[in-house]
K.L.:
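Can you keep this structure in mind? I'll have questions shortly.
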Amino acid sequence: MVNDFFPVDPNTVRPFVYEDERTVSLHFDIASIQSRMRRADPTALELDYTRTMMGFLLIEPNPASLLMIGLGGGSLPKYCHKHLPSADITVVEINPHVIALRDDFFVPPDGERFRVVQGDGAQFVAAVPRRYDVLLVDGFSYDGQPEALGTPAFYDACRAALAPRGVMVVNLHTEAPDCADLLARMVCAFDGQVHAVHSEDGGNRVVFAGRASDFWPSAADFSRRWLALAEVHRRTLRRSAGRIARGLNWPGADAAFNAAAA
């Protein structure tokens with residue numbers, strides 16, 4: 001039967017909020033978590049894949065502009081809004097019921113440098129009038145990643161939407177049957193400048209892609225970049241930075257991180 005929870009359009013499925021003493025979570029079904037917020041620290045990144053996605057700071061530590069596809073519980077937008085105060089942030093979310101829950105997750109109100117736009121993420125990227133330093137793609141419906149956010153045309157549009165040294169970060173579900181195909185499409189769109197990093201629990205694969213052939217920092221530069229990050233970012237990335245270094249194929253960067261983080 002068609003209803004608010006299982007309508008004809010998967011992009012209008014109504015999510016629900018689950019609360020316990022420590023956290024507040026966003027769900028489309030009880031078996032999987034879309035987003036989780038820590039009550040004691042609403043802007044902290046509770047899930048490892050979100051902390052891994054923030055690894056873009058090791059490549060672009062001071063982005064002036066960020067475009068995010070998918071709001072969910074607003075974990076990444078909230079973190080970036082608080083801890084990257086110079087960044088202009090646009091979040092595109094297709095599901096109005098997700099946006100309606102923004103206050104439950106303390107998503108900041110729209111303002112001069114932060115806004116949530118209801119719309120189709122693929123269409124938005126294809127028509128953007130500007131270039132972005134960082135593009136984060138974390139858009140999922142109740143049955144997985146929408147097809148429109150994984151086509152060759154979408155990844156081509158993502159590349160075109162980036163500044164010359166911009167970085168795209170995409171969250172994929174490792175167990176999704178099309179995960180390998182999506183990764184191959186990104187490799188094609190970005191001329192091989194693509195690296196994947198597994199999340200701590202192995203359920204997510206976070207993909208980093210850049211336009212420039214000299215996009216990736218050298219291992220020799222890793223320690224300097226790590227130490228230059230604000231302490232809040234080092235705390236956020238501490239459990240994932242070594243894994244990111246290995247995933248990005250920076251020879252010697254894992255050891256450099258261990259030395260710098262000691």
K.L.:
May I have the list of side-chain donor-acceptor pairs in residues 53-74 shorter than 3.5 Å, sequence neighbours left out?
P.N.:
from: Glu60; atom 1: OE2; to: Asn62; atom 2: N; distance (Å): 3.0
from: Ser65; atom 1: OG; to: Asp133; atom 2: N; distance (Å): 3.2

K.L.:
Tell me, with the steps shown, if Met37 and Asp104 meet side-chain contact (heavy atoms from CB on, under 4.5 Å).
P.N.:
CA-CA 10 Å; Met37 178 183 73; Asp104 293 63; over 6 Å; no

K.L.:
Give a yes or no on whether the backbone of Thr50 and the side-chain of Asn171 come within a donor-acceptor separation of less than 3.5 Å.
P.N.:
no

K.L.:
Any chain of hydrophobic side-chain contacts (each under 4.5 Å) joining Val170 to Ile94?
P.N.:
no

K.L.:
Determine the interplanar angle of the Tyr79 and His233 rings, folded into 0 to 90°, and report it as parallel if under 30°, tilted if 30 to 60°, perpendicular if over 60°.
P.N.:
tilted

K.L.:
Under 3.5 Å, side chain of Arg211 to main-chain N/O of Arg165, donor-acceptor pair present?
P.N.:
no

K.L.:
Within the distance-only criterion (no hydrogens, no angle test), does the side chain of Arg36 pair as donor or acceptor with the backbone N or O of Thr23 below 3.5 angstrom?
P.N.:
no

K.L.:
Check whether Arg115 reaches the backbone of Ile89 with its side chain - one donor and one acceptor, N or O, closer than 3.5 Å.
P.N.:
yes

K.L.:
Give a yes or no on whether the backbone of His97 and the side-chain of Arg14 come within a donor-acceptor separation of less than 3.5 Å.
P.N.:
no

K.L.:
Side chains of Ser240 and Glu200: closer than 4.5 Å at any heavy-atom pair?
P.N.:
no

K.L.:
When the ring planes of His27 and Tyr18 are compared, do they come out parallel, tilted or perpendicular, using 30° and 60° as the limits?
P.N.:
perpendicular

K.L.:
When you measure from the side chain of Arg243 to the backbone of Val197, do you find a donor-acceptor pair of N or O atoms at a distance under 3.5 Å?
P.N.:
no

K.L.:
With sequence neighbours left out, write down each residue that passes side chain to side chain contact (heavy atoms under 4.5 Å, CB included) with Thr151, or none if nothing qualifies.
P.N.:
Ala153, Phe154

K.L.:
Decide, yes or no, whether a salt bridge links Arg102 with Asp110 under the criterion of side-chain N to carboxylate O below 4.0 Å.
P.N.:
yes

K.L.:
Could you tell me whether Arg159 sits above the aromatic face of Tyr155, with NZ or CZ closer than 6.0 angstrom to the six-membered ring centre and within 45 degrees of the axis?
P.N.:
no

K.L.:
Could you state whether Phe28 and Phe140 fall into the same hydrophobic cluster, counting links through intermediate Ile, Leu, Val, Met, Phe, Trp or Tyr residues with side-chain heavy atoms under 4.5 angstrom apart?
P.N.:
no

K.L.:
When you check the side-chain N and O atoms of Ser35 and Ser75, is any donor under 3.5 Å from an acceptor?
P.N.:
yes

K.L.:
Less than 4.5 Å apart, any side-chain heavy atom of Leu182 and any of Gln145?
P.N.:
yes

K.L.:
May I ask you to test the Arg39-Glu21 pair for a side-chain heavy-atom distance under 4.5 Å?
P.N.:
no

K.L.:
In the single-linkage hydrophobic clustering (I, L, V, M, F, W, Y; side-chain heavy atoms under 4.5 Å), do Val232 and Leu47 co-cluster?
P.N.:
yes

